[in-house]
Visitor: 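Structure provided below as structure tokens; questions to follow.
Scope of the values below: all heavy atoms of this structure, side chains included, with no hydrogens, waters or symmetry mates. None of the values given here were measured: they were computed from a predicted structure.
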Amino acid sequence: MSRYTETEQASACAPGGIRTACFVGTLAIVLAICVPLIAYPAEGERIINRLFTLITRDMDWLYLLAGLCSLALILWFAFGPLSGKRLGDTVEYSTFSWIGMLICAGVGAGIMFGGSIDWAYYLAYPLGGEPVGSPRAMELTCAYGMFHWGPICWAIYATLAVPIGYSFYVKKVPILNISQACHGLLGDRVHGWPGKVIDILFMVGLVAGSATALGLGIPIVAAGVASCFGLEHSFTLELIILALVTLLFSVTSSLGLKKGMHRLSDFNVYVALGLLLYVFLSGPTLFLTKTSLNAAGLLASHFLRMVTATDPLGGSSFTQDWTVFYYAWFVAYAPFMSLFIAKISRGRTVRQVVLGPVILASLGCGLFYMVFGNFGLHLQATGQLDVAALVKTVKGATAIMAVADFIPLASAFKLMFALVTAISMATTFDAVSFALAATTTATLTPEDEPARWNRLFWAICLALVPLGILLIDGPLSVLQTASIVVGLPVLIVLWLGVAAFFNEYRRTGWAPGPEDAVCVPWTVGEKEIDHESH
């Protein structure tokens, strides 16, 4: 029998109830970052660039090691004793929708930008020890793009997916936040200030990491609109686009995951696949096929070197400027993505939960580099457009539109490309606002979602950081540092959760107890709730 009265039971089990410390604490930190950034953009850019140099040069080894450890952990989950265990009983989403939601939430506008133009930035470096701009270095650009958005990326994303899913669906703890994943190590202290600190770090990291995606995506949409309608690509236009995208993901967020993001991400995946197929068939199909196959081979043969390259003798800063940037971005997103993967993976096995993202989502991301990226590389190699020189003088979004001018029916393609980018941002921030709202909600069951006003509040707040970045109008390193700075403390939170899971697994195994077939009690502070009575 429950120790609560019927009224108390309903209050405890219904979604809602705000964790005031997490809500107010995170909002205060976000405002403390955004207000000075907006008020003093020049000073903000200088400070951010100093931090970028400091962290990437001294902490690069730590991020590379974290990536390797995440991949090792995923392989253990996929092929170890837990591989056949299920997270819950009923599968909620089809595999297509599941993978589509993962990609839309995890990479969003970032893959639209990176898949199209990253290779041009890479050409400024002696990749693989090859001379800058040499044919061999050009071949490696696609391989490195696929590497950055490949298995290591998704392994980092999925690091805490199984621990969170285990707590939410197996132990049936009606709490969906990161601190709960640390219960096996911290015990009931996760309900006190240690848990609040963990969740606040996660939330701040998520808000700042999200700014990078919006900061990359908004200029793409603005550039596409400006190019097609003859408008000036101005700050005002970017501000209007930001407002429209914020409105879009606010609406989908209010509808919830099943009615909002689920349907929107399905639509977006179909349109994105259509664009990829169109470019592949209307462009240099043979060249795209050969370079894609070649890049896959180079990735396989150079993988070990890519995941360990620190370049200690200072021959190139490529690892620090790009690989560490991406790793830090993924780390900042990792707790959120783990939470989101766990939420939408109900009924799936542990092997499916970890290999779906690492294999299928990696392949999905690779398609953007194989098609969009290699199309631009073809223009570079044939002398039709010097994209590598172009990215040194204009923004990446402008360079993407210059490449798009060589695609048949360029205006229509640009509009559709901008549409996919906008929807990608909307679906990403729909998932982000859900995670933030879930973290600030006291109790949440698998059938419920956080209060609508809570989701809408965070959807609007997410626009503040990219607004500050747009005001700075600085180089890409400003966006890179926003992720790297917050990624460092989040990295500690990530592996604290892993240690907690293994500590609990060592003590209890997969099942929390003999009563697992029903529902086991859990505690919140000093009160105990027996779910059998619910």
Side-chain angles (χ1 to χ4, degrees), residues 19 22 26 62-63 65-78 80 82 85 87 106 152-206 209 327-345 350 353-354 357-358 432 435-436 438-440 444 486-510 512 522-524:
R19 301 172 68 205
C22 293
T26 302
L62 181 61
Y63 285 108
L65 186 60
L68 278 172
C69 290
S70 293
L71 184 60
L73 176 67
I74 293 306
L75 293 176
W76 185 85
F77 278 135
L82 299 182
K85 298 289 187 179
L87 301 180
I152 294 291
C153 156
W154 289 98
I156 294 174
Y157 275 169
T159 298
L160 284 181
V162 173
I164 294 173
Y166 167 74
S167 173
F168 198 53
Y169 290 119
V170 179
K171 290 180 65 181
K172 302 185 186 299
V173 177
I175 299 176
L176 190 59
N177 58 40
I178 299 304
S179 61
Q180 187 60 37
C182 302
H183 189 278
L185 202 62
L186 299 179
D188 286 343
R189 284 177 293 178
V190 297
H191 305 302
W193 70 264
K196 293 180 177 64
V197 170
I198 288 173
D199 286 329
I200 289 174
L201 284 175
F202 151 67
M203 293 175 70
V204 172
L206 180 55
Y327 276 28
W329 187 9
F330 302 147
V331 165
Y333 255 55
F336 146 67
M337 277 304 296
S338 291
L339 185 150
F340 186 71
I341 292 171
K343 171 61 180 175
I344 67 173
S345 298
V350 168
V353 169
V354 295
V358 169
V432 170
L436 292 170
T439 302
T440 56
L444 197 69
V486 299
L488 197 55
V490 172
L491 183 61
I492 300 173
V493 172
L494 196 65
W495 287 97
L496 182 64
V498 173
F501 174 77
F502 276 106
N503 185 56
E504 182 164 347
Y505 175 69
R506 187 176 62 253
R507 290 188 295 106
T508 66
W510 178 260
W522 63 283
T523 59
V524 179

Visitor: Applying side-chain contact (heavy atoms from CB on, under 4.5 Å), name anything that partners A66, two or more places apart in sequence or on another chain.
Guide: L491, W495
Visitor: Hey, what do you get for SG (C22) to CE (M203), rounding to the nearest 0.5 Å?
Guide: 6.5 Å
Visitor: May I ask you to test the Y505-L82 pair for a side-chain heavy-atom distance under 4.5 Å?
Guide: yes
Visitor: What do the steps show when you test S179 against D199 for side-chain hydrogen bond (donor to acceptor under 3.5 Å, both in side chains), and what is the final call?
Guide: CA-CA 6 Å; S179 61; D199 286 329; 2.7 Å; yes
Visitor: Any side-chain heavy-atom pair from V331 and I156 closer than 4.5 angstrom?
Guide: yes
Visitor: How close do L494 and A334 get, counting heavy atoms only, and between which atoms?
Guide: CD1-CB, 3.8 Å
Visitor: Would you name the heavy atoms of I164 and A181 that are closest together and state the gap between them?
Guide: CG1-CB, 4.0 Å
Visitor: Could you report the tightest heavy-atom contact between I198 and C182, atom names first, then the distance?
Guide: CD1-SG, 3.9 Å
Visitor: Tell me every residue that passes ring pair (Phe, Tyr, Trp, His ring centres under 6.0 Å) with Y157, counting only those two or more places apart in sequence or in another chain.
Guide: W154, F330
Visitor: With side chains defined as the heavy atoms from C-beta onward, is the minimum distance between L73 and F502 less than 4.5 Å?
Guide: yes
Visitor: Could you measure the distance from the CG atom of L339 to the CZ atom of F168? Nearest 0.5 Å is fine.
Guide: 8.5 Å
Visitor: I need the Q180 CD to K171 NZ distance, nearest 0.5 Å.
Guide: 6.5 Å
Visitor: In chain order, what residues pass the side-chain hydrogen bond (donor to acceptor under 3.5 Å, both in side chains) check against S345, with sequence neighbours excluded?
Guide: W98
Visitor: Who pairs with F77 by ring pair (Phe, Tyr, Trp, His ring centres under 6.0 Å), at least two apart in sequence or on another chain?
Guide: F501
Visitor: Backbone N or O of L436 within a donor-acceptor pair of the T440 side chain at under 3.5 Å?
Guide: yes
Visitor: Within this structure, what is the CE-CG distance for the pair M337 and L160, rounded to the nearest 0.5 Å?
Guide: 12.5 Å
Visitor: With sequence neighbours excluded, what pairs up with S70 under the side-chain hydrogen bond (donor to acceptor under 3.5 Å, both in side chains) test?
Guide: T159
Visitor: Starting from the C-alpha separation in whole Å, work towards a yes-or-no answer on side chain to side chain contact (heavy atoms under 4.5 Å, CB included) for I341 and V353.
Guide: CA-CA 7 Å; I341 292 171; V353 169; 3.9 Å; yes
Visitor: State, to 0.1 Å, how close G67 and Y327 come at their nearest heavy-atom pair, and which atoms those are.
Guide: CA-CE2, 4.1 Å
Visitor: Where is the tightest heavy-atom contact between P335 and V490, given as atom of each residue plus distance?
Guide: CG-CG1, 3.5 Å
Visitor: Using side-chain contact (heavy atoms from CB on, under 4.5 Å) as the criterion, list what pairs up with L68, not counting sequence neighbours.
Guide: V307, T308
Visitor: Could you pull out the closest heavy-atom pair between G165 and L87, with the gap in Å?
Guide: C-CD2, 3.8 Å
